[in-house]
Amino acid sequence: MADLVVVCLPVAGPAIAPCGVVNGVPMAPGVVERPAVTPEHIAALSAWSGPVDWGQAAQFLAFSLSTVVGVWFAAWAVGVVVDLVKRA
């Protein structure tokens, strides 16, 4: 089983390049047949990546979220100080 996918392919000779020019080669859309993702592919990828450690994933999420919120509060505080200096 395969899927048809539209990709940008190099074209020979002078042509209109709707996909742009890459390294001096004009590119145009073309249809390519690609293999579909099957349950065997998914099983192989799952075996390769290993099990997910949800505790560690939660720690990464908490760290990322707290970093974003901390930077937001720092920017807010700088804005307050700049506003006080402008009004002084």
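Note that the structure is predicted; figures quoted are calculated from it, not measured. When a residue number appears, it is its place in the shown sequence, counting from 1. Quick note: numbers below take in every heavy atom, side chains included, and nothing from hydrogens, waters or symmetry partners.
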Legend entry - Common cluster, V5/L9, ILVMFWY with side-chain heavy-atom separation under 4.5 Å: yes

Legend entry - Same cluster (ILVMFWY, side-chain, under 4.5 Å), L4 and V6: yes

Legend entry - Fellow cluster residues of V78, listed by chain then number, with links counted only when side-chain atoms sit under 4.5 Å apart: V82

Inset, instruction - Among Ile, Leu, Val, Met, Phe, Trp and Tyr joined by side-chain contacts under 4.5 Å, find the other residues sharing a cluster with V52 and list them by chain and number. - result: W54

Legend entry - salt bridge (charged side-chain N to carboxylate O under 4.0 Å, His left out) contacts touching residues 68-80 (sequence neighbours left out): none

Legend entry - Note, V68 side chain near W72 side chain (heavy atom, < 4.5 Å): no

Inset, instruction - Of all the heavy-atom pairs spanning V25 and P10, show the shortest one and how long it is. - result: CG1-CB, 3.6 Å

Legend entry - Heavy-atom closest pair, residues V11 and M27: CG2-N, 4.5 Å

